[in-house]
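What follows is a single structure, written as structure tokens, with notes after it.
Letters go in sequence order (proteins before strands), and every chain restarts at 1. Below, each value reflects all heavy atoms present in this structure, side chains not excepted, and no hydrogens, waters or symmetry copies.
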Amino acid sequence: MATADFEPRIIGFLCNWCSYAGADLAGVARLQYPPNVRIIRVMCSGRVDPQFVFKALAEGADGVLVAGCHPGDCHYADGNYKTMRRFHLMKKVLAQLGVEEERVRLEWISAAEANLFARIMQEFTEELRRLGPFKPGRKLAAGGEG
Amino acid sequence: MRRITIDPITRLEGHGKINIFLDDTGAVKNVYFQVPELRGFEKFVEGRPAEEVPQIVSRICGV
Amino acid sequence: MGKLKIASYWAAACGGCDVAILDIHEKIVDVANIADIVFWPVATDFKEKDVEGYPDGYIDVTLFHGAIRNSENEHYAQLLRRKSKVLVAFGSCSMMGGIPGLANFKSRDGILSRVYLESPSTQNREGVLPQTRVEVPEGELELPYFYEDVKTLADVVDVDYFMPGCPPAPHQIWAVLQVIASGNLPPKGAVVGASDKSLCDECPRVKTEKKVKKFYRPHEIIPDPEKCLLEQGIVCMGPVTRGGCGAQCTRANMPCRGCYGPLDGVVDQGAKFVSTLASIVDADTPEEAEEIIGKIVDPAGTFYRFGLPGSLLRRARNA
């Protein structure tokens, strides 16, 4: 359960062309945001195999962020559309496996949206702090298939 | 009292164990048959689509 | 060289793997020529005590079927590991949890309660649940402990080879038995008796472009017998499933459910199928994607039909 000194671990898969540049800009602009995210740069959010998200959760992440270019802006034309479709299905599977909806997020962040990136990290960290640590296989009190 | 344990019982599908208790004269006093196996099909078909259930429950017994 | 000593054991299984071994038909006589069976509960009358009496490493090859559901399954896994030179996780249950692994969507309490207390055909007014030990007037009786989670064979002991299938196809079993007899064993950890290409590679259906606007359940469509099932909007796990079975299901108009497990390089067959299936959804807006994907019923129970215990997340957390 959530404790005051719990620091969530977040894995962020950011696309090279927009979201990683957005996060970089947040740093250059010295925007303050919680240091809980470990960023992994991928060439496109469409490169994020759902296995990456499952593996992150299985190996200690409390939350996973997938971020890419806004729809229409993908460097590879439609990579982020694939991400969007996968994300819908992945959320359904994760819900059946008892992973809280809030733990996995998809965001569109452009290279100019440093403020948005910082705000999302702020929100996400707080949200996960409320949810508490993610323990795969650990029973929750209620919900799911039962 | 003497006890004869047959474990596993063989040449059938499934897991079984028999304990036979004999009295001092060697006559059978009591016999216990146990099934040390449970998979829980009754429970885990819940939530599966109806059309998938025949394929799932066909794995109750493959013999 | 003396005759090989072979054992075959079932843990949480259905016996289908044992029958698949017999499905090599008259070749079983050839097996009898090269090997002696030293333990095989479905077919021979060896007892646990006989196996315990064998020296360590006495058995050349053990084909171990079934998942690890309770303490007895684990006990036999350890016993047979000790007594065998080569241990094969034989069949989907042993390799990745199989159908009994669907129990990882549920809790131990939920299963026991459903089976022993709520089942309409069970009379159990005192609400008795299985106990690992019980005193009877004549002495003490024991039952194995029913674990919280279903595990794979490799979760509890060191496994030499993995042979997938529910059950493994008889022609593959025969091929593997011949390899065993030859003594030319593959490197440890290999998946044997299967292809290294996907099921689609051996499925005879015509494949063109995969773009799906609607997914169907069986009562909503009569599938074209020539065309790829997935292209017709029928959820088929062929693309993420190892071939080698001869595509028996898709040849019979039944979609693949993935019993041969993931391909090399894939850790989590279910997560991989999320990627495959979503990629062929023909939608450009989140709303449209939502609607098309919404027609897929029970995705987790379908994508992890045979492999939840062996997957990355292993079980449903909230069950």
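A heavy-atom distance below 4.5 Å is not found between the side chains of C:Lys211 and C:Ile280. For the pair C:Arg314/C:Asp155, a side-chain contact is recorded, criterion being any heavy-atom separation below 4.5 Å from C-beta on. Between C:Gln269 and C:Phe303, every side-chain heavy-atom pair lies at or beyond the 4.5 Å cut-off.
Of the listed residues (A:Asp78, A:Thr83, A:Leu89), the one with the most heavy-atom contacts under 4.5 Å to chain C is A:Leu89. With respect to chain A, the highest number of heavy-atom pairs below 4.5 Å among C:Thr276, C:Thr285, C:Ile111, C:Leu308 belongs to C:Thr285. Each of A:Glu59, A:Lys82, A:Lys55, A:Met84 has some count of heavy-atom pairs under 4.5 Å with chain C, and the biggest count is that of A:Met84. Of all the listed residues (C:Ser311, C:Gly270, C:Ala300, C:Gly294), the one sharing the greatest number of non-hydrogen pairs under 4.5 Å with chain A is C:Ala300.
Nearest heavy atoms, C:Asp284 versus A:Tyr81: O-CE2, 3.1 Å. A:Ala21 and A:Ala111 make their closest contact through CB-CB, 3.6 Å (heavy atoms, listed as atom of the first residue, atom of the second, distance). Closest approach of C:Phe306 to C:Ser92, counting heavy atoms only: CD2-CB, 4.1 Å.
A salt bridge (Lys or Arg N to Asp or Glu O under 4.0 Å) check over residues 228-244 of chain C, counting only residues at least two apart or in different chains, returns the pairs C:Lys210-C:Glu231, C:Arg242-C:Asp264.
Identified by a heavy-atom distance below 4.5 Å to chain C, the contributing residues of residues 44-53 of chain A are A:Asp49, A:Pro50, A:Gln51, in residue-number order. Contact residues of residues 254-262 of chain C toward chain A are absent (heavy-atom distance under 4.5 Å).
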Would you tabulate the side-chain donor-acceptor contacts of residues 10-20 of chain A under 3.5 Å, counting partners in other chains and residues two or more places apart, or write 'none'?
unit_1, atom_1, unit_2, atom_2, d
A:Asn16, OD1, A:Arg41, NH1, 3.1
A:Trp17, NE1, A:Met43, O, 3.4
A:Trp17, NE1, A:Tyr76, OH, 3.0
A:Ser19, OG, A:Ala67, O, 3.4
A:Ser19, OG, A:Gly68, N, 3.1
A:Ser19, OG, A:Gly68, O, 3.2
A:Ser19, OG, A:Ile109, O, 3.1

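Between C:Glu288 and C:Lys213, at least one side-chain N (NZ, or NE/NH1/NH2) sits under 4.0 Å from a carboxylate O, which counts as a salt bridge.
Between A:Leu57 and the options A:Asp62, A:Val104, A:Leu97, a side chain to side chain contact (heavy atoms under 4.5 Å, CB included) holds for only A:Val104.
Put simply, NZ on C:Lys272 and CG on C:Leu277 are 13.5 Å apart, with the number rounded to the nearest 0.5 Å.
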